[in-house]
Amino acid sequence: MLKGEYNHNIDAKGRLIIPAKLRDDLGESFVITKGMENCLYVHPIEQWKAFEEKLNGLSTTTNKNARDLAYFFQGSAVDGELDKQGRTLIPQTLRKYANIDKEVVFIGMGKRAEIWDKEKWMQKNAQVEDSIENIAAAMEESGISI
C-alpha cells in the first residue's frame with residue numbers, strides 16, 4: 001500500500017528520484033499520467049491495467065465524457081522505469097501540466113502515488129487542514145469514520 005509524504009527535487013533533465021519506501025509497491029516499471037488538480041498520478045502496472053480495462057470498456061465513440069476521460073488519462077500516460085539511482089524521467093508535457101519545476105512532494109494514496117509541485121501541495125494541504133473537521137463529518141455520513 002502506497003502511503004506517506006516525501007519531498008524530493010527534480011533535476012534539470014526532468015529526472016526524479018522515486019522515494020525508496022514507494023519503490024517496492026510501485027515496482028520497477030509503472031505508469032505516470034495526468035491527475036486531478038494538476039498533480040501527476042503514478043500507478044503500479046497492475047493497478048493501471050485494471051483502470052485502463054475499465055476505461056476501455058466505456059463507449060468512447062458515442063459518449064463524450066468517456067472520450068474526454070480517456071483523452072485525459074490514457075492520452076497523457078507514459079511508462080515509467082527506474083534507473084540505477086532509483087530515478088525516473090518525467091516528460092516535459094507532464095511537468096508543464098503539473099507545474100513541476102524543482103521541488104516536488106510525493107503522496108502515497110493507497111493504490112497510487114501522486115506527484116505535486118511543492119508549493120501547490122502546501123496550498124492544497126492547508127485548505128484540507130482548515131476544513132478537515134467538516135470533511136470528516138461529511139465522510140462519516142457516507143460510512144467512513146476515523
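Index from 1, following the sequence.
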Is there a path of hydrophobic side-chain contacts, each under 4.5 Å between heavy atoms of I/L/V/M/F/W/Y residues, joining [Y] to [X]?
| X | Y | answer |
| --- | --- | --- |
| M109 | L40 | no |
| I17 | V105 | no |
| L58 | Y71 | no |
| M36 | I107 | no |
| L55 | F72 | yes |

How close do [X] and [Y] get, heavy atom to heavy atom, and via which atoms?
| X | Y | value |
| --- | --- | --- |
| E103 | N9 | CG-OD1, 3.3 Å |
| H8 | F106 | CD2-CD1, 4.1 Å |
| G86 | L82 | O-CD2, 3.6 Å |
| A66 | S59 | CB-O, 3.9 Å |
| L89 | I32 | O-CD1, 4.3 Å |
| R67 | T60 | NH1-O, 2.9 Å |

Could you check whether any side-chain heavy atom of L94 comes within less than 4.5 Å of a side-chain heavy atom of S76, counting everything from C-beta outward?
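They are in side-chain contact.
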Among all residues two or more places apart in sequence or in another chain, which pass the salt bridge (charged side-chain N to carboxylate O under 4.0 Å, His left out) test with D101?
none
Looking at residues at least two apart in the chain, or sitting in another chain, which of them share a salt bridge (charged side-chain N to carboxylate O under 4.0 Å, His left out) with E37?
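So E37 forms a salt bridge (charged side-chain N to carboxylate O under 4.0 Å, His left out) with K124.
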Mutual orientation of the aromatic rings belonging to Y41 and F73 [parallel < 30°, tilted 30-60°, perpendicular > 60°]
parallel
Checking E52 now: which residues fulfil side-chain hydrogen bond (donor to acceptor under 3.5 Å, both in side chains) with it, not counting sequence neighbours?
W48, Q74
T88 meets the side-chain hydrogen bond (donor to acceptor under 3.5 Å, both in side chains) criterion, sequence neighbours left out, with none
Only distances under 3.5 Å count here; give the side-chain donor-acceptor pairs of residues 126-135 to other protein atoms, sequence neighbours excluded, each with its distance to 0.1 Å.
from, atom 1, to, atom 2, distance (Å)
E129, OE2, N125, ND2, 3.4
S131, OG, Q127, O, 3.1

Could you list the donor-acceptor pairs under 3.5 angstrom formed by side chains in residues 110-122, with sequence neighbours left out?
from, atom 1, to, atom 2, distance (Å)
R112, NE, E114, OE2, 3.3
R112, NH2, E114, OE2, 2.8
E114, OE1, W116, NE1, 2.9
D117, OD2, E119, N, 3.3
D117, OD2, K120, N, 3.1

Is E28 atom CD crowded by more than 12 heavy atoms from other residues, nucleotides or ligands, each under 6.0 Å away?
no
